[in-house]
Visitor: 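Sharing a structure here in structure tokens format.
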Amino acid sequence: MKLALISPKGVAMGTNKENQSTAEIYEDLNGIESLKELMSCANSPLLTIAAIVEDYFEEITYIDEEIESIPSEGDYDIVAMSFMTQQASRAFELAEIFKARGSYLVCGGMHPTNSPEETLQYFDTVFIGEGEITWIEFIKDYKRNNPKQIYKNTHVIDMETVPTPKFELLKMDKYRTIPIQISRGCPHNCEFCASTKVYGPKYRHKSVEKVMKEIEIVKSLKKNPHIYFTDDNMLVNRSFSLELLDAMKGGGFRWMTHTDISLADYDEVLGKLFDSGCRKLVIGFESINPDSLKNIEKWKYNRLTSYGESIQKIQSYGVGVWGTFIVGLDNDDKSVFQRVVDFTNDNNLYGAMISVPTPFPGSGFYSRLEEEKRILSKHWGSYTLWNVVIKPAQMTVEELREGFKYTLEQIYSKEAVAKRMEYFKNVYTNMRK
């Protein structure tokens, strides 16, 4: 049997007007190489699926539509896709193409897990949640000509049982960054987040030995790789973090990941990050408006007054903080744009990812806005985090669009980028001293 694993295109899949507006904004920004690194990454779950089912197929092909075209021809018994909401519109188009070629269509990931009924209009089988157990069940049923429409995971997957992803399927020279998943689960419950429906709140991690094995495989395939640990909150378990950072010390690669601001409380972990190869951390600040943050997640609200001090402390160890912010939340008026600009520049954040409120299916945010009839579009290709798809509470749609553009332009102006570069030059000078 032949299996095609496809990651559908998710960038520039909005309306023509949205795509043009996005292109115009980003072509004028300065110093966004790190942002490109963060966004140009392979689909890690598909590589894991390849390892789970490799004994059942004579041929497995990995296709990433962000770096290559879909083959005009291809005889695959099964076509499997994994996708987030912004990729869903394109995934449905691809499903129709491959169904016409006679392939059996299956999918999983964030959007199928949270919208299985819609997804079944296009796919033969949908996986809900983690797939380590259910994929084997599906293959056995498929070979008996009796596959189910839905396979729902009901187990907490032991990360030690997750096989090593088939990194060798990647066209390594096409990627800036290679993904590795160390852990699953996040203890926070942000209103806008849909990932807890897939991985849950319980933090689970692979052993240090298993992680290092995966890193070594990546290093054997790509010289001096930049690794993106795709975990929702990688450094939340401090004892595990210390052991892993010691193992990665002097490993000949650089890496980034997601964590939360409480990392600033743990000097011993901070002291090991730089030598382990860490250069960037993505931290979800979400909002600097107290009223907005309180409605998103109370744990983060309680940390708000120490955001600036925590950023300075983390970055003093030579690790840049990428802050993520949502502008245009229900408690935000038009002053939020300048406030985010000032906060980012005053605190010398290494970078910032600015987004507009986006109601991903499966999130509490989606349920609330659906009830309030404030969702303006369900064209999933527009759900990129920078296209306005809801009716804001305290501004117009156009004011949110213009404010989003203004925020990015100010943060990534030549002057702001030069100021950040000078700041980090001083940080590294002090570290050498």
Side-chain angles (χ1 to χ4, degrees), residues 1-10 40-68 70-71 74-84 87 91 94-95 98 103-113 123-143 147 151 153 157-175 177-184 198-199 206 210-211 213-222 225 227-231:
M1 291 197 301
K2 294 182 180 180
L3 170 66
L5 299 168
I6 300 178
S7 180
K9 191 171 182 62
S40 62
C41 199
N43 185 299
S44 177
L46 286 177
L47 302 178
T48 301
I49 295 302
I52 292 170
V53 301
E54 62 178 331
D55 293 338
Y56 295 92
F57 293 91
E58 290 82 32
E59 182 180 315
I60 299 178
T61 303
Y62 175 85
I63 303 169
D64 183 349
E65 203 180 9
E66 293 293 354
I67 65 163
E68 59 191 312
I70 297 295
D75 181 19
Y76 304 109
D77 298 281
I78 298 175
V79 171
M81 301 185 209
S82 173
F83 52 92
M84 296 183 290
Q87 298 170 285
L94 292 176
F98 282 99
S103 299
Y104 190 90
L105 298 167
V106 306
C107 68
M110 209 71 70
H111 191 83
T113 289
F123 288 81
D124 300 303
T125 288
V126 172
F127 292 91
I128 296 178
E130 298 165 274
E132 279 74 17
I133 296 172
T134 49
W135 254 92
I136 297 299
E137 293 174 357
F138 160 70
I139 292 295
K140 291 178 179 178
D141 290 343
Y142 177 84
K143 295 185 76 171
Y151 289 84
N153 177 60
I157 301 297
D158 180 354
M159 294 298 287
E160 278 298 283
T161 67
V162 177
T164 300
K166 301 288 287 183
F167 295 109
E168 60 268 30
L169 293 177
L170 296 179
K171 297 176 175 65
M172 286 288 182
D173 61 324
K174 299 289 187 181
Y175 293 100
T177 303
I178 307 302
I180 294 179
Q181 186 186 55
I182 289 176
S183 65
R184 296 174 185 169
V198 179
Y199 294 134
K206 298 175 182 177
K210 190 174 183 65
V211 174
K213 177 184 175 183
E214 294 185 13
I215 291 171
E216 290 305 316
I217 291 173
V218 170
K219 288 169 61 178
S220 73
L221 296 169
K222 188 176 182 70
I227 293 175
Y228 173 25
F229 294 117
T230 59
D231 310 34

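The figures here come from the full heavy-atom set of this structure, side chains too, leaving out hydrogens, waters and symmetry mates.
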Visitor: Which heavy atom of D231 sits nearest to which heavy atom of I180, and what is that distance?
Guide: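 In terms of heavy atoms, the two residues are closest at OD1-O, 3.9 Å.
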Visitor: What residue among I60, D64, T61, I63 forms side chain to side chain contact (heavy atoms under 4.5 Å, CB included) with L169?
Guide: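 In the set I60, D64, T61, I63, the residue that makes a side chain to side chain contact (heavy atoms under 4.5 Å, CB included) with L169 is I60.
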Visitor: Once you round to the nearest 0.5 Å, how far does CD1 of I133 lie from OG1 of T161?
Guide: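 OG1 of T161 is found 7.0 Å from CD1 of I133.
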Visitor: What are the two closest heavy atoms between T230 and P179, and how far apart are they?
Guide: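 That would be CG2-CB, 3.7 Å.
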Visitor: Any chance the side chains of D77 and Y142 put a donor and an acceptor closer than 3.5 Å?
Guide: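 No, Y142 and D77 have no side-chain donor paired with an acceptor closer than 3.5 Å.
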Visitor: Hey, what do you get for CG (L221) to CG (D173), rounding to the nearest 0.5 Å?
Guide: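 The CG atom of D173 is 11.5 Å from CG of L221, to the nearest 0.5 Å.
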Visitor: Does T48 form a side-chain contact (heavy atoms from CB on, under 4.5 Å) with W135? I'd like the steps, not just the answer.
Guide: CA-CA 11 Å; T48 301; W135 254 92; over 6 Å; no
Visitor: Among E68, E66, E65, which residue satisfies the salt bridge (charged side-chain N to carboxylate O under 4.0 Å, His left out) criterion with K9?
Guide: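 Between K9 and the candidates, salt bridge (charged side-chain N to carboxylate O under 4.0 Å, His left out) is satisfied uniquely by E66.
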Visitor: Is it the case that the side chains of Y104 and T125 hold a donor-acceptor pair, with the cut-off being a distance below 3.5 Å and no angle test?
Guide: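 Indeed, the side chains of T125 and Y104 share at least one donor-acceptor pair under 3.5 Å.
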Visitor: About how many Å separate CZ of F83 and CG of N43, when rounded to the nearest 0.5 Å?
Guide: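 Rounded to the nearest 0.5 Å, the CG-CZ separation comes to 11.0 Å.
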Visitor: Just how far is it from atom CG of L105 to atom CG of L94, taken to the nearest 0.5 Å?
Guide: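 Going from CG on L105 over to CG on L94, the span is 9.5 Å.
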Visitor: Taking all atoms of both residues into account, what is the closest heavy-atom pair of K166 and E54, and its distance?
Guide: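 Scanning both residues, the minimum pair turns out to be NZ-OE1, 2.8 Å.
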Visitor: How far apart are the closest heavy atoms of K222 and Y175, and which atoms are they?
Guide: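 Looking at all heavy atoms of both residues, the closest pair is NZ-O, 3.0 Å.
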Visitor: Does the side chain of S7 come within less than 4.5 Å of L46's, by heavy atoms?
Guide: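 A side-chain contact under 4.5 Å exists here.
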Visitor: Can you tell me how far the OG1 atom of T164 sits from the CG atom of L47, to the nearest 0.5 Å?
Guide: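 Spacing of OG1 (T164) from CG (L47) equals 11.5 Å.
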Visitor: Let me see the working for F229 and I215 under side-chain contact (heavy atoms from CB on, under 4.5 Å), right down to the final yes or no.
Guide: CA-CA 10 Å; F229 294 117; I215 291 171; 4.0 Å; yes
Visitor: Specify whether Y151 and F138 have parallel, tilted or perpendicular ring planes, treating 30° as the upper limit for parallel and 60° as the lower limit for perpendicular.
Guide: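 Plane angle over 60°, so perpendicular.
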Visitor: Might you work through the side-chain contact (heavy atoms from CB on, under 4.5 Å) test for I136 and Y56, ending with a clear yes or no?
Guide: CA-CA 9 Å; I136 297 299; Y56 295 92; 3.9 Å; yes
Visitor: Let me confirm one number: the CD-CD1 distance from E132 to I49, rounded to the nearest 0.5 Å.
Guide: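 One gets 6.5 Å once the value is rounded to the nearest 0.5 Å.
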Visitor: Taking all atoms of both residues into account, what is the closest heavy-atom pair of F167 and M172, and its distance?
Guide: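 Result for this residue pair: O-CE, 3.7 Å.
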Visitor: Please step through salt bridge (charged side-chain N to carboxylate O under 4.0 Å, His left out) for the pair E216 and K219, ending with a clear verdict.
Guide: CA-CA 5 Å; E216 290 305 316; K219 288 169 61 178; 3.4 Å; yes
Visitor: Can you name the one residue among K206, M159, Q181 that meets side chain to side chain contact (heavy atoms under 4.5 Å, CB included) with V211?
Guide: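 Exactly one pass, corresponding to K206.
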Visitor: What closest approach, in Å, do V162 and I157 show between heavy atoms, and which atom pair accounts for it?
Guide: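 Minimum heavy-atom contact is CG2-CG2, 3.9 Å.
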